[in-house]
**Q** 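One structure follows; several queries about it will come next.
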Amino acid sequence: MLLQRVLTAVILAPLAVAVIVFPPTWLFALVVAAVFLAAEWEWTGACGLRSVSARAAMLAFTLALLAVLWWARLTPWLWLAVILAGVAWWLVSLTWLRGYTFAASPSREHVWLKLAVGLCIFIPAWVALTTLHAGPQGHGWVLLALCIVWAADIGAYFSGRLLGRRKLAPRISPGKTRAGAGGALVAGMLVAAFGGWLLDVRGGWLVALAILGAVTVAASIIGDLFESLMKRHAEIKDSGTLLPGHGGLLDRMDSVFAAIPVFVIGKLVLGL
C-alpha cells in the first residue's frame with residue numbers, strides 16, 4: 001500500500017505543480033473546477049444518491065454556481081463572503097463530529113442535507129484557490145498552501161506509525177493518532193516558514209505565517225475526519241478507486257477542501 005501511495009504521488013505531484021505554475025488563472029480555475037466536480041461525484045455517491053441522472057444534475061447545479069461566481073469575480077465582497085462561509089461551515093462541522101451518529105441513517109432528508117453540505121465544501125474551496133492564484137505571487141502562494149497540506153499528510157503518516165499510541169478519534173477514524181496530528185502540525189509549520197521565506201516573508205510575519213500553517217493543518221485534519229465520518233455513514237472504505245493507494249479523489253482532497261479557505265482568510269488577516 002505504501003509503495004502504491006508513493007508511486008501515485010510521484011506521478012501526480014509534478015502534474016499538480018504544472019497546473020498551479022503554468023496556466024493563467026482562468027485556466028487554473030477551470031481545471032480545479034473539473035477536479036472538484038469529479039470529487040463531488042464521489043461525494044454524491046457517498047451521500048446515498050443512487051440515481052445517475054440526479055447525481056449529474058447536482059454536478060450541473062454546482063457548475064452553474066461556479067460559473068455565476070466567476071462572472072461576479074470583480075465583486076470582491078461576494079467572494080470573501082463565500083470563503084468566510086466555508087470557514088464557518090468547518091467550525092460547525094466540529095459539532096457534527098462530536099455527535100457522529102447525526103444524520104447517519106440513509107433517509108431522503110439526510111441525503112439532501114449532505115448534498116447541501118457538499119456545496120459548503122466544494123464551492124468555498126474553489127473560490128479560495130482561485131482568489132489565491134489571482135493575487136500577487138499567486139502561483140507561489142497556492143503551491144505553498146497545498147504543500148502545507150501535503151507535508152502534514154506525510155508528517156502524520158510517519159509520526160503516527162513511529163509514535164502513535166493514543167487514538168485521535170477512534171469512533172470516526174481508528175487509524176489516526178494524536179502523535180500523527182502532532183507530526184502533521186510540526187511539518188506544516190516548517191513548510192509554511194520555509195515557503196514564506198522563499199516568498200520574501202521576513203521577521204515576525206514569518207512566525208505568524210508558521211502559526212497560520214499550524215491552523216491550516218488543524219483545518220485539514222477536520223476535513224479529513226469529516227470525510228471519514230461520511231464514509232462510515234455510507235459504510236464504505238474509500239470514496240473511489242481512481243488513485244491507487246489513495247482511494248478516490250475525495251479521499252485525496254478532503255483535507256484540502258477544509259484547509260484552503262482557512263489559509264486564504266488567515267493570509268488576508270495577516271496582510272500577506
**Q** Show me the donor-acceptor pairs within less than 3.5 Å that the side chains of residues 200-208 make with the rest of the protein, sequence neighbours left out.
**A**
{"unit_1": "Arg202", "atom_1": "NH1", "unit_2": "Trp197", "atom_2": "O", "d": "2.7"}

**Q** Quick one: OG1 on Thr44 to CG on Leu59, what's the gap to the nearest 0.5 Å?
**A**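 Interatomic distance, Thr44 OG1 to Leu59 CG, rounded to 0.5 Å: 6.5 Å.
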**Q** Pick from Arg171, His233, Arg232: which one makes a side-chain hydrogen bond (donor to acceptor under 3.5 Å, both in side chains) with Tyr100?
**A**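 Between Tyr100 and the candidates, side-chain hydrogen bond (donor to acceptor under 3.5 Å, both in side chains) is satisfied uniquely by Arg171.
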**Q** Consider only side-chain heavy atoms of I, L, V, M, F, W and Y, link residues closer than 4.5 Å, and tell whether Val215 and Val217 are in one cluster.
**A**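 Yes, it is one cluster - the side chains of Val215 and Val217 are joined through contacts under 4.5 Å.
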**Q** Which pair of heavy atoms, one from Thr62 and one from Glu40, lies closest together, and at what distance?
**A**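 The answer is OG1-OE2, 2.8 Å.
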**Q** Can you tell me how far CG of Leu185 sits from OG of Ser159, rounded to the nearest 0.5 angstrom?
**A** 9.5 Å
**Q** Could you check whether any side-chain heavy atom of Leu69 comes within less than 4.5 Å of a side-chain heavy atom of Thr130, counting everything from C-beta outward?
**A**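 Not in contact.
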**Q** Please tell me if the side chains of Ser93 and Ile222 come closer than 4.5 Å, counting only heavy atoms from C-beta onward.
**A**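 Ser93 vs Ile222: side chains touch.
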**Q** Is there a side-chain contact between Val191 and Leu144 in this structure, where contact means two heavy atoms from C-beta onward sitting under 4.5 Å apart?
**A** yes
**Q** Tell me, do Leu66 and Trp70 make a side-chain contact under 4.5 Å, heavy atoms counted?
**A** no
**Q** Should Met253 and Phe36 count as side-chain neighbours, where that means a heavy-atom distance under 4.5 Å?
**A** yes
**Q** Return the minimal non-hydrogen interatomic distance between Ala187 and Gly155, and the atom names on each side.
**A** CB-CA, 4.2 Å
**Q** Starting at CG of Leu15, measure out to CD1 of Ile20 and round the result to the nearest 0.5 Å.
**A** 10.0 Å
**Q** Quick check on the hydrophobic clustering: are Met189 and Trp141 connected, directly or via other members, by side-chain heavy-atom contacts under 4.5 Å?
**A**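 Met189 does not cluster with Trp141.
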**Q** First locate atom CG of Asp153, then atom CD1 of Ile148, and finally report the distance between them rounded to the nearest 0.5 Å.
**A**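 Separation between the atoms: 14.0 Å.
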**Q** Looking at every non-hydrogen atom in both residues, tell me the closest pair between Cys47 and Lys114 and how far apart they are.
**A**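 Looks like SG-CB, 3.3 Å.
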**Q** Is there a donor-acceptor pair under 3.5 Å between the side chain of Thr216 and the backbone N or O of Ala259?
**A** no
**Q** Let's go through Val117 and Trp43 carefully: what are the C-alpha distance in whole Å and the side-chain angles of both, what is the deciding distance for side-chain contact (heavy atoms from CB on, under 4.5 Å) to 0.1 Å, and is it a yes or a no?
**A** CA-CA 10 Å; Val117 164; Trp43 174 266; 4.1 Å; yes
**Q** Can you name the nearest heavy-atom pair linking Ala184 to Ala152, along with the distance?
**A**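 Shortest heavy-atom separation between Ala184 and Ala152 comes out as CB-O, 3.3 Å.
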**Q** For the atom pair CZ (Phe257) and CG (Leu129), what is the distance rounded to the nearest 0.5 Å?
**A** 9.5 Å
**Q** Taking the side chain as every heavy atom from C-beta outward, state whether Leu119 and Phe61 have any pair of such atoms under 4.5 Å apart.
**A**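 A side-chain contact exists here, since the closest heavy-atom pair is under 4.5 Å.
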**Q** Is a donor on one side and an acceptor on the other found under 3.5 Å between the side chain of Lys176 and the backbone of Ala156?
**A** no
**Q** Hey, does the side chain of Glu42 reach the backbone of Leu250 with a donor-acceptor pair shorter than 3.5 angstrom?
**A** yes
**Q** Given 3.5 Å as the limit, does a donor-acceptor pair link the side chain of Lys231 with the main chain of Ile236, or not?
**A**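 Not confirmed, Lys231 side chain does not pair with Ile236 backbone.
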**Q** Please answer: with hydrophobic residues joined when any side-chain heavy atoms are less than 4.5 Å apart, are Leu199 and Trp150 in the same cluster?
**A**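 Shared cluster, yes.
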**Q** Could you walk me through whether Val17 and Phe22 pass the side-chain contact (heavy atoms from CB on, under 4.5 Å) test, one step at a time?
**A** CA-CA 8 Å; Val17 171; Phe22 295 113; over 6 Å; no
**Q** Taking C-beta and beyond as the side chain, do Met230 and Trp96 meet within less than 4.5 Å on heavy atoms?
**A**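 Yes; the side chains approach each other to less than 4.5 Å.
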**Q** Show the nearest heavy-atom pair for residues Leu115 and Met58, with the distance to one decimal.
**A**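 Nearest heavy atoms, Leu115 then Met58: O-CE, 3.7 Å.
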**Q** Are Leu37 and Trp26 grouped together when hydrophobic residues (ILVMFWY) are joined by side-chain heavy atoms under 4.5 angstrom apart?
**A**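 Unlinked, Leu37 and Trp26 end up in two clusters.
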**Q** Hey, do the aromatic rings of Phe226 and Trp89 have their centres closer than 6.0 Å?
**A**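 Under 6.0 Å, so yes.
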**Q** Go through it in stages, so that I can follow the logic: the residues are Leu80 and Leu268, the test is side-chain contact (heavy atoms from CB on, under 4.5 Å), and I'd like the CA-CA distance, side-chain angles, deciding distance and then a yes or no.
**A** CA-CA 10 Å; Leu80 178 60; Leu268 287 174; 3.9 Å; yes
**Q** May I ask you to check if Arg55 and Trp41 form a cation-pi contact, with NZ or CZ under 6.0 angstrom from the six-membered ring centre and within 45° of the axis?
**A** yes
**Q** For a 4.5 angstrom cut-off between non-hydrogen side-chain atoms, does Ile260 reach Leu146?
**A** yes
**Q** Applying the 4.5 Å side-chain criterion to the ILVMFWY set and letting contacts propagate, would Val35 and Trp126 be lumped into a single cluster?
**A** yes
**Q** Measuring from atom CG of Asp251 to atom CG of Asp224, what distance do you get when rounded to the nearest 0.5 angstrom?
**A** 9.0 Å
**Q** Show the nearest heavy-atom pair for residues Gly196 and Leu209, with the distance to one decimal.
**A**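 Heavy atoms only, the tightest pair is CA-CD2, 3.4 Å.
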